[in-house]
Amino acid sequence: MATDMTSTATITQAPAFLDSLDDPIRGALALLNGDGDADAGVPLLQDVLARYGSRIGPKTMQALARHAKSAARAGDAAVRAERIRAVPTAAAQWYAAALLESAGNFQAAAEALDAMDDASWGEERALRLEALARNHLCAGQVTQAWLSLRYAAQVAQTRQTLVSLDRLLTQARQSAEPPVKATRRIAVLGSGVLDFWAGLLRPALFGYGIGGEIVTGDYDQYQQAVLDPASQLGTFRPEIVVLAVDWRTLGLSDETADPATTVRNLIDGMTALWRTCQQRYRAAVIQTNFEIPEVDPLGRLSAASPGGRARVIQRLNLELWDAAQQAGVAVLDVEQLAAATGKRNWSDPGMWIAAKQYPAADAVPPLTRNLAALVRALCGLTSKCAVLDLDGTLWGGIIGEDGLGGIRLGGDAEGEAYTAFHQYLLGLRGRGIPLAVCSKNNEEDARSVFRRHPETVLKEDDFAVFLANWEPKPDNLRRIAAMLNVGLDSLVFLDDNPVERNLVRRELPDVEVPELPDDPARYAEALHATYLFESLSLTDEDRRRADTYRENVERTELAAGSTNLDDYLVSLRMKVDLRPFDEANLPRIVQLINKTNQFSVTTRRTSASEVTAWMQDPAWYTQFMRLQDKFGDSGLTGVMIAVREGETLRIVNWLMSCRVLGRRIENLMLASLMRHARHAGAAAVIGEYLPTAKNGQTADLFDRFGFERIEEREDGGRLYRAAVPADDERVTWCEVTDTTASDMSAVGE
Amino acid sequence: MSPTDQRLRAVFREFFDDDSLELKDAMTFSDIRGWDSLAHVNLINALEAEFGLKFGVREVMKMKSVGTIRQVLTAKASAA
């Protein structure tokens with residue numbers, strides 16, 4: 001062990017030069033050297049992970065995992081994992097999980113991975129979920145593993161990750177049947193070496209909850225495979241045949257002499273193959289169209305010359321859409337996928353020549369995902385409805401706080417990103433995807449944007465269902481599904497808040513919940529890249545459908561459900577800190593008191609000097625609330641103020657930011673006040689509700705906590721009274737630190 | 001062991017799913033279970049992903065053993 005002090009062992013803090021590196025964490029790992037003395041490096045590692053580890057890319061994650069693996073061999077991995085876990089960054093949690101996994105403590109590794117910040121997007125998320133699935137599997141928890149595998153497959157950005165996921169799927173399948181909505185036997189035939197990618201259709205399909213049994217045809221044997229009755233297709237009996245043919249196979253010269261005839265012959269040849277698949281095997285057919293190669297002797301004029309290769313392929317692709325539509329064949333738009341991926345990434349000339357690999361490794365994730373989406377459409381599983389959060393999703397800011405004039409919608413660049421997203425959604429609606437609202441808001445506030453905001457593209461009538469209330473979102477999603485008369489698995493829920501996304505995933509795993517990036521300008525792209533709305537055709541009926549849904553909803557009765565909130569709250573690992581007001585937090589306290597509208601019983605505004613006076617007066621009780629959970633720190637988001645009046649304690653102000661609602665924090669704040677009242681010898685607590693245009697959600701707050709109404713005024717204001725309970729209710733679903741009561745114990749004496 | 005060798009070993013271990021695999025320069029297709037021509041292309045893809053580079057056609061032709069793969073990687077790394 002660490003008796004021999006090496007030079008790196010004496011470094012306990014990150015050396016300054018790391019700051020200048022693109023990836024300081026990997027730099028530090030190189031300094032430590034994977035096979036070196038594991039124990040001595042821990043202080044340096046802790047410092048580096050704390051300093052640079054709040055966001056980590058996929059490469060760094062892999063480097064950390066490997067380092068942990070070799071470090072774990074030195075023993076004591078569990079002890080070191082605990083020390084590293086104390087560092088509150090994503091990189092540290094990831095490293096600790098890898099240590100625990102290498103030490104065989106899969107359960108603890110899974111817990112660490114589950115607690116990791118999930119605000120990341122794309123490959124980082126895929127790697128985390130893959131590791132989570134792997135640890136669940138090793139710990140024998142197959143049920144949890146399936147979910148992580150599915151979510152990982154939805155976001156995997158690299159071929160390597162798909163390969164790992166395919167391996168895990170195979171492993172998991174040995175102990176249980178995968179939970180899938182449909183299974184299809186799929187034959188992938190074509191011109192290149194298909195084994196390079198066709199098997200990875202399995203994880204891609206699983207990302208959509210579909211099982212796949214896949215066979216691949218031999219290199220360039222697709223015509224024989226389809227036409228020869230004795231081929232392997234006869235015994236395999238495919239339900240879907242994928243014809244993946246690349247542009248080289250077309251045999252086009254630089255300039256084709258008779259392009260019209262050439263295109264017609266090519267289409268006829270394909271049509272004949274389709275017919276055989278449909279008639280002999282009763283299989284559905286997916287045909288790829290053709291990439292227009294970037295590199296051509298004619299350069300850009302290849303598209304100008306009547307017989308140029310680019311022009312002929314464009315024409316072929318156009319006619320292919322028509323012929324396929326007529327024959328009931330789905331087209332996989334390889335030309336578009338190649339362009340989106342970048343044609344220089346889509347194919348690798350060296351790998352084509354040396355190994356007949358086409359498309360290249362980088363093409364595999366978009367190719368398999370889009371193909372899987374077409375299989376999903378063939379299974380009739382295309383998503384049917386887009387359900388939208390509002391604040392942060394359809395506009396910047398919070399309507400209930402910022403008001404019509406304060407939210408960002410149109411007007412400036414940020415606002416225009418949101419109106420552009422409105423346009424995209426309006427387009428979805430136009431093609432038959434009904435839109436619904438599911439938002440934590442006062443209904444009037446929420447509707448006012450679509451009624452009166454000058455820049456809004458979406459109008460009230462564009463939504464088939466509009467649920468803006470304070471019930472848990474899973475309940476509202478159930479209602480939306482019932483009102484539209486569709487299954488929960490037909491809903492796509494879009495929300496910028498990762499906490500809400502995860503709540504819905506947890507409660508309603510059937511609902512599709514895509515990740516949304518930080519940048520609203522990329523919302524449409526992110527939604528598009530899920531391919532959840534890929535369908536086989538588009539009819540006039542589709543185009544009218546969104547209206548039909550809306551009309552139906554008006555006749556549908558509401559069905560409310562319930563959700564298991566307790567389990568979710570526990571899983572958030574919340575830490576609530578309740579403290580008396582102090583100088584350092586004064587500006588934020590005053591700001592919160594003066595801007596909170598919704599969860600606010602009296603909405604009394606104040607000033608810094610008034611608050612300072614309360615802080616110094618022993619008759620006043622002050623409490624602020626800070627909330628942290630596994631996703632991060634919500635900061636100072638709650639305030640309670642009360643004043644001693646004889647035998648009673650009167651609540652003057654009680655408010656919370658709407659960011660933290662729905663988590664029962666109000667219970668904790670009130671319990672703390674009651675605790676103080678008891679210590680201070682008060683007999684009762686007086687509550688007061690003063691109605692405003694916006695605080696409707698707190699109208700029955702005191703009733704819910706069992707207060708008795710002692711006065712009701714004409715303006716709707718009420719006074720309440722409750723006796724001080726003899727002791728505290730035990731809180732099991734979060735960690736509470738309360739220092740408010742002790743500070744004031746002298747008051748009642 | 002150089003960092004490049006460590007990463008190379010890690011790729012081989014992950015690829016062939018064998019955590020005790022130790023590499024020797026003389027190793028070729030017949031020495032590691034599952035290393036066939038199809039796997040070889042996938043292995044090259046994995047190496048490209050790990051080291052963030054693309055191999056040219058001459059390099060691909062040369063990479064037929066652990067030793068030649070190391071040579072190509074080292075040459076690439078020093079050229080970068």
Side-chain angles (χ1 to χ4, degrees), chain A residues 22-23 26-27 29-36 57-59 62-63 65-67 69-70 72-73 102 123 157-164 166-168 170-171 192-200 216 219 344-345 347-364, chain B residues 1-23 28-29 32-65 68-69 72-80:
Chain A
D22 287 343
D23 188 339
R26 279 165 82 193
L29 291 182
L31 203 63
L32 283 168
N33 186 359
D35 285 343
K59 283 272 164 204
Q62 281 161 340
R66 277 185 200 147
H67 187 272
K69 207 170 183 174
S70 64
R73 273 192 220 111
S102 301
E123 188 67 3
Q157 303 287 309
T158 66
R159 182 181 175 284
Q160 292 313 119
T161 305
L162 284 175
V163 169
S164 309
D166 192 35
R167 232 180 240 183
L168 289 174
T170 309
Q171 199 187 325
V193 178
L194 301 155
D195 291 301
F196 291 136
W197 62 267
L200 300 177
T216 49
Y219 171 66
R344 291 176 194 181
N345 300 319
S347 66
D348 181 329
M351 294 304 276
W352 167 254
I353 293 165
K356 296 292 172 279
Q357 185 181 37
Y358 174 90
D362 289 350
V364 172
Chain B
M1 190 185 274
S2 79
T4 304
D5 286 342
Q6 280 180 28
R7 287 167 82 185
L8 184 64
R9 188 179 68 182
V11 171
F12 267 78
R13 285 181 174 183
E14 277 161 36
F15 190 85
F16 294 106
D17 208 7
D18 177 359
D19 272 353
S20 59
L21 187 61
E22 293 295 340
L23 298 182
T28 64
F29 282 28
I32 297 179
R33 234 173 68 106
W35 195 358
D36 57 20
S37 60
L38 181 68
H40 185 62
V41 177
N42 289 334
L43 178 64
I44 288 178
N45 289 159
L47 289 168
E48 288 184 331
E50 168 63 28
F51 289 93
L53 44 79
K54 296 278 177 200
F55 298 112
V57 68
R58 273 191 295 273
E59 291 160 335
V60 171
M61 285 186 63
K62 197 174 167 189
M63 298 161 79
K64 302 289 186 201
S65 66
T68 50
I69 289 173
V72 167
L73 275 173
T74 314
K76 274 269 212 229
S78 55

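Throughout, a chain's letter reflects where its sequence line sits, starting with A, and its residues are numbered from 1. For clarity, every value in this text was computed on a predicted model and none was experimentally measured.
Judged by distance alone, the side chain of K59(A) and the main-chain N or O of E50(B) form a donor-acceptor pair under 3.5 Å.
Salt-bridge formation is not detected for the pair K69(A)/E14(B): no Lys NZ or Arg NE/NH1/NH2 atom is positioned less than 4.0 Å from an Asp or Glu carboxylate oxygen.
Taking CD1 of I44(B) as the start and CD of Q357(A) as the end, the distance is 9.0 Å to the nearest 0.5 Å.
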Report the C-alpha distance between V193(A) and L38(B) in whole Å, list the side-chain angles of each, state the deciding distance to 0.1 Å, and finish with yes or no for side-chain contact (heavy atoms from CB on, under 4.5 Å). CA-CA 9 Å; V193(A) 178; L38(B) 181 68; 4.2 Å; yes
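Here the side chains of M351(A) and N45(B) are in contact, with some heavy-atom distance below 4.5 Å. Contact of the K54(B) side chain with the D362(A) side chain is registered, since non-hydrogen atoms from C-beta on lie closer than 4.5 Å.
Smallest separation of non-hydrogen atoms from V41(B) and A355(A): CG2-CB, 3.4 Å.
For R58(B), no part lies under 4.5 angstrom from a heavy atom of chain A.
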